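Everything below concerns the one structure shown next.
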Amino acid sequence: MVTENDIWGYLEEVADPEIPVLTVVDLGVIRAVKLENDQCFITITPTYSGCPAMKMIEEQIIEKLNEKGIPNVSVDLILAPAWTTDWISESGKAKLLEYGIAPPENEVDKSVLFSEPTVVPCPKCGSRNTRMISLFGSTACKAHYQCNECLEPYDYFKCLK
Amino acid sequence: MNSLFEYVLRLGDDSLILGHRLSEWCGHGPILEEDIAMTNISLDLVGQATSLLGYAGELEGKGRDADALAFLRFDREYKNVLLVEQPNGDFGMTMLRQFFFDSFRKPLFEKLQHSTDQHLAAIAEKSLKETKYHLKHSSEWVIRLGDGTEESNARIQESLNTLWRYTNELFFTDEVDNELVEKGIVPSLQEIQIEWNATVTAVLTEATLTIPTNNWKQEGGRKGLHSEHLGYILAELQYMQRAYPNMQW
């Protein structure tokens, strides 16, 4: 008999399409898992309003659970409460760093106007002598930085909360 | 009239049309980073439009979804402000238009996230987080170009002279707003205007730009009366659905 815990375990095998080093559970987009008789309900939330990966995540979840012998899966999308980068698991943050993406620094709420860019340590050499190249990187959730010491260009997973 | 439907439709149309305008920069940005930034912001806006127009469709209750509202209405049925349909111009003009819009959306979403209408509050809470990044980006470019070289200053000042007349419409208020403000569902736009004025004055001053003294204000979008530009936008935006009705992507 499959339990909700088993389902959470299976979802650990579903990778984020944009950042495949993270699972959808690491990313914190799975908000609820519910089993009722032979029906499985999964609730997900987008990282950004226009995140183009949501449809693919939904399809991958259904495919994975079908593969595990759970035929009736429905995936629901909710907006509230809004996703924040605090929901990325600690192991997820470690995986990001390992992969070469700087994980979110804990400071977004300083004022929007007239503020200096966030200092983001280089994921390669650890130096804090880095600079922001662009606030918007290869996906909506990332900014683009470069290390002034080792010259590594890298993505920064922007803090969102 | 269904005021909440009309209100949400206006918000959704603003997001959709500005999102479309920004997408026109795809492959044409002045540098690669800004090309990517503008399309990122475009994606956020189109995402917000999907949520807003989807909700508007539910409120209307006639079976229209976000796609039906985006692809199957004519220009007079669009309720976006004139500002967002104005042509991109040069990069500075696009950033200035964005800055005017972001300075409006941030305080609006800050208030709407506490709306008694939970669906609208959820969309606002989500969108606010994105809008803060948009405003940071657009305000910095306005300052960089205004307080930049002689040429960049002259060009963005010219854009300011052109766009200024469209800014007042952001605070257009009619019976739709009045009813919802009275019910406590949405904030009064006069409140939002105070914050907008403060932000815009601070940034334009830092950018060494001069606010035009000609105070002619152009409006009409909220009532469906648009500039000629909207028709061309819709011709491109709706082409596939008009040419191949009911096609699926």
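Source: prediction; values computed, not measured. Atoms considered below: every heavy atom in the structure, side chains included; atoms not considered: hydrogens, waters and symmetry mates. First the proteins, then the strands, lettered A, B, ... as listed; each starts at 1.
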Which bit of [X] is near chain A, if near means a heavy-atom gap under 4.5 Å: side chain, backbone, both or neither?
{"X": "B:I143", "answer": "side chain"}
{"X": "B:S139", "answer": "side chain"}
{"X": "B:Q113", "answer": "neither"}
{"X": "B:A49", "answer": "neither"}

**Study point:** Distance (rounded to the nearest 0.5 Å) between A:K142 NZ and B:I36 CD1
**Key:**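 It is 10.5 Å, given to the nearest 0.5 Å.
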Point to revise | Interatomic distance, B:L189 atom CG to B:I194 atom CD1 [nearest 0.5 angstrom] | key: 11.5 Å
Return the option, out of [options], with the maximum number of heavy-atom pairs under 4.5 Å with chain A.
{"options": "B:L135, B:L45, B:T39", "answer": "B:L135"}
{"options": "B:M38, B:E34, B:E33", "answer": "B:E33"}
{"options": "B:E206, B:E140, B:Q118", "answer": "B:E206"}

Point to revise | Non-hydrogen atoms of B:I123 and B:S51 that approach each other most closely | key: CD1-O, 3.7 Å
Check your understanding: Quick one: does B:K106's side chain get under 4.5 Å of B:L128's, heavy atoms only?
Key -> yes
**Study point:** Note, B:W196 side chain near B:R105 side chain (heavy atom, < 4.5 Å)
**Key:** no
Practice item. Would you kindly say whether B:E85 and B:N80 are connected by a side-chain donor-acceptor distance under 3.5 Å? Key: yes
Practice item. Could you tell me which of A:L77, A:L79, A:I78 has the largest number of non-hydrogen atom pairs under 4.5 Å with chain B? Key: A:L79
Exercise for review: Under 4.5 Å, counting heavy-atom pairs only, tell me which of A:S134, A:P52, A:C51 racks up the most with chain B.
Suggested key: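 Highest number of pairs under 4.5 Å: A:S134.
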Point to revise | Segment of A:T45 engaging chain B (4.5 angstrom heavy-atom cut-off) | key: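 Interface part for A:T45: neither.
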Practice item. Report the C-alpha separation of A:F136 and B:H137 in whole Å, then their side-chain angles, then the decisive distance to 0.1 Å, and conclude whether the ring-ring contact (aromatic ring centres under 6.0 Å, His included) test is met. Key: CA-CA 9 Å; A:F136 296 89; B:H137 178 254; 5.2 Å; yes
